[in-house]
Protein chains: 2
Amino acid sequence: MATRAKYHHGDLRAALVDAALALVAEQGVDALSVAEAARRTGVSAAAPYRHFPTRLDLLKATAARAAELLAAELAKVNELSDPRDRLAETARVYVRFVVRHHAGFDLIFDERLRVGDQALAEAGRAVMDILLPIALEITGDARAALDLLEKHTAAAHGYAVLHLSGFMRRRAPAVEDIAEGAAEVSRALATRDGRSG
Amino acid sequence: MATRAKYHHGDLRAALVDAALALVAEQGVDALSVAEAARRTGVSAAAPYRHFPTRLDLLKATAARAAELLAAELAKVNELSDPRDRLAETARVYVRFVVRHHAGFDLIFDERLRVGDQALAEAGRAVMDILLPIALEITGDARAALDLLEKHTAAAHGYAVLHLSGFMRRRAPAVEDIAEGAAEVSRALATRDGRSG
DNA sequence: GTCTATAGTAGGATAGAC
DNA sequence: GTCTATCCTACTATAGAC
């Protein structure tokens with residue numbers, strides 16, 4: 001089909017980022033290579049360097065794309081009325097995301113990627129702009145909201161990556177079990193901070 | 001000195017594992033290479049293959065060594081009388097360990113490393129043999145103890161790895177701040193489960 | 001903007017000498 | 001058990017043709 005043959009003519013940059021994202025999902029961040037991303041996109045190994053000066057730049061763009069996708073997932077949560085329910089749901093969403101993409105806040109907020117990358121910084125901020133108001137609604141206080149969010153995030157991230165390594169698999173083989181565990185921690189923390197429940 | 005010149009004659013295997021451990025601590029698990037471990041130990045690139053058939057086997061031994069070191073650190077906690085204090089302290093110890101070694105349960109319990117490696121399996125079990133009794137003392141119930149331990153571990157691990165990526169650094173620049181956050185989550189969870197606080 | 005070709009680097013792993 | 005020498009593979013990045 002013409003569509004397929006011209007795929008990388010339309011937007012090779014985006015196609016490479018998609019390929020990179022898939023690579024990260026399959027084998028982790030360190031397995032990302034410019035050559036393999038090019039191979040999967042159907043172009044030569046040199047082609048990507050027109051769009052990304054170095055491997056690191058491709059990785060930055062991939063992290064930014066991941067942040068956008070995560071923000072889109074998290075944005076869906078706002079249907080629930082109780083902020084504690086919403087926060088707990090973001091834990092589930094986050095766990096599913098990390099398990100699916102083999103990347104999360106560790107990639108999106110990686111110091112080494114953020115140097116001089118405004119797109120990534122903005123994409124990361126967009127994620128926080130979804131989470132912070134929820135936490136703030138629970139605590140009523142900015143400092144406490146950050147504290148709650150920090151704990152909530154740490155737990156969700158820990159659950160996700162330990163699931164990926166296999167540590168959690170004996171007790172909780174399914175991703176949803178893991179997501180539920182993270183949600184429970186979130187709820188335990190939010191209940192404390194909200195002085196209700 | 002004779003000691004230095006004969007270093008790798010005494011126990012090259014252990015020396016390689018030490019070098020591997022240092023490498024992981026500096027650059028992460030994926031940066032571990034047999035060649036570099038050999039270089040640092042002062043032997044040729046071929047020498048390690050007498051002791052480890054493949055890179056993966058060196059990594060397995062490294063994970064086992066990490067588990068032993070972690071168990072030794074955790075074992076020191078048993079001075080405190082209140083089990084909630086002890087559990088919270090293991091969170092601090094764990095965070096410090098992961099930040100220092102760039103590895104924790106994700107490495108020690110990695111599925112891919114555990115296949116057919118009894119030493120690693122035993123070292124991992126030794127770690128759990130320290131933590132489980134503490135959790136059991138808090139909950140009184142085996143199922144609840146596993147659940148508490150899972151949440152406690154996820155939070156501590158999440159805190160540690162997110163600190164390493166840089167995510168936590170703006171709010172909590174020091175490792176001890178991170179360790180404290182993990183300890184607080186542990187305490188929040190334990191208080192719930194122990195129905196006292 | 002993409003290609004082919006190529007230089008340079010680094011690592012995994014094996015063979016055979018010592 | 002350790003060495004040197006070697007093969008193979010894979011990747012980053014650049015130069016120059018199209």
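Here the structure is a predicted model, which means the values were calculated and not measured. So that the names make sense, note that chain A is the first sequence line, chain B the second, and so on, each numbered from 1.
In this structure, the side-chain hydrogen bond (donor to acceptor under 3.5 Å, both in side chains) partners of A:D57, at least two apart in sequence or on a different chain, are A:T54. For the side-chain hydrogen bond (donor to acceptor under 3.5 Å, both in side chains) test, residues two or more places apart in sequence or in another chain that qualify with A:S186 are A:H152. Residues satisfying the side-chain hydrogen bond (donor to acceptor under 3.5 Å, both in side chains) criterion with A:D106, sequence neighbours excluded, are absent altogether. With sequence neighbours left out, B:R112 forms a side-chain hydrogen bond (donor to acceptor under 3.5 Å, both in side chains) with B:D110.
In the region residues 45-61 of chain B, proximity to DNA chain C at under 4.0 angstrom, judged on heavy atoms, holds for B:A46, B:Y49, B:T54, B:R55.
Taking atom CZ on A:R40 and atom P on D:dC11, their separation rounds to 11 Å, with Å as the unit. In this entry the distance linking CD of B:Q27 with C1' of C:dG11 reads 14 Å, nearest Å. At whole-Å resolution of the value, CG in A:L32 and P in D:dA10 are 17 Å apart.
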Inset, instruction - Mind running side chain to side chain contact (heavy atoms under 4.5 Å, CB included) on B:L107 and B:L59 for me, showing each step along the way? - result: CA-CA 9 Å; B:L107 177 66; B:L59 191 53; 4.2 Å; yes
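For A:A35, whose side chain is taken as the heavy atoms from C-beta onward, the closest listed nucleotide among D:dT12, D:dC3, C:dT4 is D:dT12. Closest to the side chain of B:L12, from the set C:dG11, C:dC3, D:dT2, is D:dT2.
Note on A:R39: only backbone sugar-phosphate atoms sit closer than 4.0 angstrom, heavy atoms only; bases stay farther off. Within the 4.0 angstrom heavy-atom criterion, base atoms lie near A:S44.
For the ring pair (Phe, Tyr, Trp, His ring centres under 6.0 Å) condition, the pairs that include at least one residue of residues 158-187 of chain A, sequence neighbours left out, are A:F167-B:F105, A:F167-B:F109.
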